[in-house]
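A note on names: the letters A, B, ... follow the listed sequences, proteins ahead of strands, and every chain is numbered from 1.
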Amino acid sequence: MKIVVIGAGMVGNRFADELGRLAPQVDVDVLGDESYEPYNRVMLTELVAGRIDLAGLTLPTPDSGRVRVRAGARALEIDRERRTVVTADGDFAYDQLVIATGARARLLPVPGLRDGLPRGAHVVRRLDDAREITAATLNATNAVVVGAGPLGVEAACALRHRGVDVTLIASADLLSRDLDPEVAAVAADGASDLGIRVVQDAMVSSVGVKDGRVDAVHLADGRRFPAQLVVLACGSAPDTALAAAAGLETNMGIVVGDDLRSTSDPAICAIGDCAETPSGVSGLVAPGWAQARALAASIARGADLELPPIAGSAMRLKAVGLSVVTMGVRASTAGPHDRVLALSDRRERRHVELVTRGDTLVGVTCVGAPDLAAHLSTQFDRPGMLPADPMHLLMGASAPGVTESASPTAMPAATTVCRCNGVTKGDLVHAWDGGATTVEALAGATLATTGCGGCTKLVCGIVDWLHATDPPTEADVSQASAGDREPNVPTR
Amino acid sequence: MTDTHCPYCALQCAQRLHGEPLAAEPRAFPTNGGGMCQKGWTSAEVLRVADRLTTPLRKVVGDGHGDGGAGDSGDTVFEEITWEVALDEIAARVLAITAQDGPDAIAVFGGGGLTNEKAYQLGKFARLALRTRNIDYNGRFCMSSAAAAANRSLGVDRGLPFPLTDLNDADVIVLFGSNLADTMPPAVQHLGGVRERGGLVVVDPRRSATARLTDEGAGEHVQLVPGTDLVLLLGLLHIVLAEGLADTDYLSSRVDGVEDVRRSVAEWWPERVAATTGVPETQLRRIARTIANAAPHRGGRGAYLLTGRGSEQHADGTDTVTAVINLALALGLVGAERGGYGAITGQGNGQGGREHGQKADQLPGYRMIADPAAREHVAAVWGVDPAVIPGPGVPAVELLMSLGQPDGPRALFVHGSNIVVSSPDAQVVRRRVEELDLVVVCDVVPSETAMLADYILPVTQWAEEEGTMTGLEGRVLRRRKAIEPPAGVRSELEIFAALASRLDAPSAWSTDPREVYDELRRASAGGRADYAGISYERLDAGEALYWPCPDEQHPGTPRLFADTFPTASGRARMVPVRAVGPDDALRAEAPVWLVTGRVLQHYQSGAQTRRVAKLNDSLPRAYVEIHPSLAARIGIEGIEDIRITSRRGSMTAQARISADIRPDTVFVPFHFADEGMVNAVTNAATDPISGMPEFKVCAVQIARAETWEATA
C-alpha cells in the first residue's frame, strides 16, 4: 500500500514512524515543506532560550527504506481524481493520503503588519523563525512579545533569559485560556519578578515601522513600547489551504470523522492541528500524537480506528524561571458538585488548585509549584485513587512522615539500631544489663555493627548514654543476666 | 577452621567457619570489609535444618490417603529409595521419553546459586547426556536484561567491570532500582565516601532502606512512578545533550551511534518526563547536572551508574539498561579511571552461573551456542563431534510455560531453583509442572518445587563442598568444604556422572570439583569470560583474580574497557531505545501499581531462610507496604490483611502502613509461598531481547481481605 503524508512536523513524522514500525508492507512518503529534517516544534522557545541546541531538536527519522522523509518537498496540489500529490519535484501517487499540515501562526491585522512581516517582526512557528529570533537577540536590547498564551509567555521568558529587555502584551490576563484571573495574577507576578514588563488588558493598535524595520508597538490607549524585536504569539489556525483547494470539507480545520477520515473522501485522513474531529481542533501535541498512533495502528492492522480517550487537556509551560501546569478543569469551569481545593501563596508566586469529582482528580492548576505539579500529573484522572481527604494531595507524594529520633534518649526501645542484624535499642540495653558495657562487647553480644557498620556511631551514642544514666558496676559485670528486668521496656 | 564465603548473595562475604556446632563469622575481605548481615551470621543453621533431605525420595502414586486432589502437596507421600534405584529409574524414564518424543522432551532448569563447577557440568549434562536444547535457569529472572544490554553496547557483560571498592572514590553513585542496604547490607560501606560528598542518588518508587541513605544531605532520592525508569533515563540524557554536558571527545573517539540516540531523546523534554515519571523537572535537571559534573571531562572524580532488579525486571528491561549505558557513555564514564556502568548481581553465583552454559543460547566462557567456532572449541574440550551439541533453546519463561504442553517438554530436572515460588505468574508454572510425566528435583530441603517432584535427590550444600563462585565484580572465589555432608547426601557432580553413564553419554564426567573446574578453564579459554589462567592453586594462594585471565601468568582484569571495548570495532555502541511502558497497564479494575522486592532477612524463594528460626521469627509472613492515604481509601487502619488481585491471581498479606511508598503503589516481598506468594499476581510478560519477565510492575486491585471474603 502506498501512503503519502503531507507535513513532516511532529504529528506527520510520528505517524510515519509508527506505521513503518507496525506495517512492514507499506510504502510511505512524507512530504515536508521545510528544508530541515523533522524536528521537535514544541521546543522552539527552548532553542530561543539557549537551553537546547539545534541538533537536540532533531527527531528520529523512520529508518527503513520503505519510509522516506522528503525535506523541502512542498505539496502544491492534491489531485483526488488521480490520487496524486503534486510537488515541484514530481508527483506522489497514494492509496491513502494523510494530511498533517499543522497550523499557521495568526497575524495581527494592524497597521505595520498588513503587508507581511517587516524586518524585526517574527512569529514562532518554524525552525527558521526561532533561529532568526535567536540571531536578533545578539543586537536587540529590547523586545515586545504580543500575546500572552503559553507560546508568548515562553518566548518572553526565553528572551529575558537571553538578557533582552522584554515587554509582554496580553489582550486580557496572562495565560487567560488556562488560568482564572486571580491565578493569572500570581503568574504575572512571577513573570514580573523575572524582569518582564507585563502589560495586561492591552490592545495593539499598530506596529511602528521605520526603514522597513520595526521600531515600536503602539497600544490603543496611546502607550508606546520601543521594540527592536517584535514576537507575535497571537495564536494559530489550522492550515487547511491544500485541503480546501482540493474540495475537501473544511470548517475551522479539515473536517474528519471519529475515524479521522475526511467527510468528503475516505482515501484522505487528517491528523494533528489541521484536523477538526467531531470534538474539535486540538492545537496540542499530545492529542495529535495519539491520533498518529491510532491511525497507524488502524492502517497497519486493517482494523477499526480506536482513539484513546484524552483526559482533559494539559498545559505545561516550558519557560525558564516560570512554572505553570494545568490539567482538566479549574475553579471557574468546575461543575456544581465538584470540590475545589486551593492554596494560594501570592507573595511566593505560588498557587495550587485541585478539582475533584467523586473519587477522581479532574483538575489541577499549579503555578510556581513544579514538584507538586509532577506528582499531581501522575494522579490526574485516575478513578478510585483520590485520597479520602484530597487535601493530602496538596502535600505531595509523601505526606510529611514521622521523623525518627536519632537521640538515644528519645528513641523507643523497639527502634532498630542495626538493620543488618535486626538489633533494637532494647536488645542493646538488655545486653548492657547483661554486662556488655563497651561497643565491642555489645557487638559480640548482639552482632550490632557487624554488618555494614553504618550503626557504629549510633551504638557509640547509646553506650555514652548508658554510661551516663546507668554506669556499669562490679555487680552488673559479674551478673550473667539482669533477669529481673524485662527487655524492650523503655525504663530509661 | 575453614575460610570460605557466605552461601547467599553475590557480595559473597568472606566467612570463617569453625566450632561445634559449626558457626560462621566474617573475615576481612574487600567486598564485605569484615562485615556480615543476619543471613550470613545464621548461615550455618541451614546445615542443621530439621527437614534436611538425606535420602532419595520417590513420590508414591495412589497413596490412598487424603483426597488426592491435584496440587494438594499436603497429601503427597514420598517413600525412601536407594540411590541405585533412583538413578536407574530416572535414567530409564528419560530414555523412554526420549525414545518416544526425542531428547528435547527433557527440560533442565538451573540456578544462579550453583557453583561454577556445577553450573558448567549441568550445561554439559543437558547437552551431552540428555541431548536436549531445552536448558535455562533462574538467572534469566535476575541478570538477563543487564547482560543483554551490556553485551549489545559494550561487547561483554561482567556485572561490575571494576572492583566494588572503587565506588568509594567517586563523586556520584546513582542506583537505578537497587536496594542494596537490604539485599547485601555490608556493601553499604562502599557508598560512604560518596555519601560524605552528598553524591548518592537512589531511584526507587519506595523510600527504601537504601533510599534513606541519601538523607541528611548524603544525596537525593528520586521517587518515580513504577515502570517509568526508561522515561526518566531518556529525560536525563535529553538534558545532558541539550545543555551540552556530554563528553564529545570521548564520544567521537570511542563510541558509535550517538546521533541516533540524540534524536531518540529529542521527544523527551523535561516537562513531559516530569508528567510521566512524577519526578519534578527541577530535580531532573539537578540530577542530570550532578552526574555530569562528576564526570572526568568536567573535572569530577567520577560517577558510577548502577542498575539493580528494580530497573531491569521489566518487559523493556534491556532497553532500560541500554539507556543507563547510553547516559554513562555520553558522559565518558565507561572505562574512565573512576566511573562507569555496572549491574549489581543478585544471586550468590549469579555472575559465574551466567557464563558457563546454563543459558539456553550459550556454551562455557560466554560463547554463543549458535556460533560454529564456539561449538568446535567446546566440542574439542568435551571430546565430541560439534554436531552432537544441540542448538539454542528458549528462555526461562517460555520454557516453563511450555512444560507439559503439546510439543513442549514432558520431563524436567531442577537444580538450585524453587520455580513454583520464584517464577512470574507462579500458579500457572505450578500447573505446568504438575502436568509433566517426570520431574526430578535436586535440593537440600523439601522446597515447594521439590514437593511436586517424582524423584527428590538430596544434594550437598555450601559448607559441605568444594568449588568456585564468581562474585558480583567478576572475581573468582573459592568455596571450601568445612564439614562432611550428612550420610546419604551426594553432590550434583556425582549425580551427573552416574546418570551420564546410565545414559551412555560421551565425554568424561569427573566428580572432583577441581577436575571439573580445570575442564571449565579449558572450555572457557579464548571466550569472553576466560578463566584459563585462574587455577585453584592461584586462588588458594590468595590472588585476587578477575576474569578475563587467559593464562597463568596473566594478572587478571580488575577493570575492563580502559582502552578498548571487546566489540568488533573496538568501540562502544549507543543504541536508541523507545519507552513503551508496562505491559500490564493501569485501568479502572486495577488502579494500583504493584512492585515486588526483597527484605534483609530472606533470600530468594525463602527455601533456606524461612527455615532459619532467627530470620523467620523476624519476618515470618509476607506484608503489603501501603501508603496511609491509600490504606485509608480501602478502609485499612492498622494491622489487617490486604488482598491483592491481578489478571493472573491473588495473594493475601498483612498491611504495613508507611509513608515511604508512593500513594499509588503497593510493595510486597517475594520470598513467601502459599497465600503470601506475590508471584501468583506478577506478570509473566517478557522482554523481547533478554526474556526477562516483568516482575517489577503490574496493575492490581487491592481490598481489605475481610471485605473481599464477604463479597467473594
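- Residue contact with chain A, scored on non-hydrogen atoms closer than 4.5 Å, involves the backbone and the side chain of B/Glu243 alike.
- When all heavy atoms of B/Arg263 and A/Leu59 are compared, the closest pair comes out as NH1-O, 3.0 Å.
- Considering every non-hydrogen atom in both A/Thr378 and B/Ala275, the closest pair reads CG2-O, 3.7 Å.
- For B/Ser658, no part lies near chain A; criterion is any non-hydrogen pair under 4.5 Å.
- Distance CD/B/Glu271 to CE/A/Met315: 11.0 Å, rounded to 0.5 Å.
- By number of non-hydrogen pairs under 4.5 angstrom with chain B, the leading residue of A/Leu57, A/Thr58, A/Thr449 is A/Thr58.
- Of the atoms belonging to B/Val279, it is backbone heavy atoms, and not side-chain ones, that fall under 4.5 Å from chain A.
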* **A/Leu386 vs B/Arg633, side chain to side chain contact (heavy atoms under 4.5 Å, CB included): CA-CA, chis, key distance, verdict** => CA-CA 8 Å; A/Leu386 195 68; B/Arg633 269 210 67 81; 4.3 Å; yes
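- Only the side chain of B/Thr282 comes within contact range of chain A, with at least one heavy atom under 4.5 Å from a heavy atom of that chain.
- Between chain B and the options A/Gly384, A/Ala388, A/Cys418, the largest number of non-hydrogen pairs under 4.5 Å is found for A/Gly384.
- With a 4.5 angstrom heavy-atom cutoff, B/Arg195 does not touch chain A via any of its atoms.
- Both the backbone and the side chain of A/Asp371 come within contact range of chain B, each with at least one heavy atom under 4.5 Å from a heavy atom of that chain.
- Other residues, nucleotides and ligands contribute at most 12 non-hydrogen atoms within 6.0 Å of the CZ atom of A/Arg350.
- When side chains are defined from C-beta on, A/Arg419 does not count as touching B/Arg212, because their heavy atoms never get closer than 4.5 Å.
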* May I have the step-by-step check of side chain to side chain contact (heavy atoms under 4.5 Å, CB included) for A/Val325 and B/Glu281, ending in yes or no? => CA-CA 12 Å; A/Val325 173; B/Glu281 180 215 336; over 6 Å; no
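- Note on B/Leu600, B/Asp260, B/Val188: by heavy-atom pairs under 4.5 Å with chain A, the leading option is B/Leu600.
- Highest contact tally toward chain B, considering only A/Ala374, A/Ser323, A/Gly56, is held by A/Ala374 [criterion: heavy-atom pairs under 4.5 Å].
- Your options are A/Asp53, A/Val285, A/Val42, and the one with the most heavy-atom pairs under 4.5 Å with chain B is A/Val42.
- Here SG of A/Cys452 is found 10.5 Å from NE2 of B/His190. Values are rounded to the nearest 0.5 Å.
- For B/Leu586, the part lying near chain A is the side chain, with the backbone staying farther off; criterion is any non-hydrogen pair under 4.5 Å.
- Between B/Trp41 atom CH2 and A/Asn421 atom CG the span is 7.5 Å, to the nearest 0.5 Å.
- For the pair B/His238/A/Ile52, a side-chain contact is recorded, criterion being any heavy-atom separation below 4.5 Å from C-beta on.
- Interface residue A/Pro383: only backbone heavy atoms are found under 4.5 Å from chain B.
- Annotation for B/Ser629 and A/His392: closest pair CB-ND1, 4.4 Å, computed over non-hydrogen atoms.
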* Asked: Could you go step by step and tell me if A/Lys318 and B/Trp269 meet the side chain to side chain contact (heavy atoms under 4.5 Å, CB included) rule?
  -> CA-CA 9 Å; A/Lys318 293 175 298 303; B/Trp269 59 93; 3.5 Å; yes
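- Remark: B/Trp593 CH2 to A/Met385 CE distance equals 10.5 Å, nearest 0.5 Å.
- Taking 4.0 Å as the cut-off between side-chain N and carboxylate O, B/Glu267 and A/Arg14 count as a salt-bridged pair.
- For a residue to count as touching a neighbouring chain, one of its non-hydrogen atoms must lie under 4.5 Å from one of that chain's; by this rule A/Arg21 touches chain B with the side chain only.
- Neither the backbone nor the side chain of B/Leu213 comes within contact range of chain A; no heavy atoms are under 4.5 Å apart.
- With a 4.5 angstrom heavy-atom cutoff, B/Thr276 touches chain A only via backbone atoms.
- Residues B/Pro185 and A/Cys420 come closest through the heavy atom pair CB-SG, 3.1 Å.
- Not one N or O on the side chain of A/Arg316 forms a donor-acceptor pair closer than 3.5 Å with the backbone of B/Arg272.
- Each of B/Gly34, B/Ala274, B/Pro591 has some count of heavy-atom pairs under 4.5 Å with chain A, and the biggest count is that of B/Pro591.
- When heavy atoms are compared at a cutoff of 4.5 Å, B/Asp664 approaches chain A by way of both its backbone and its side chain.
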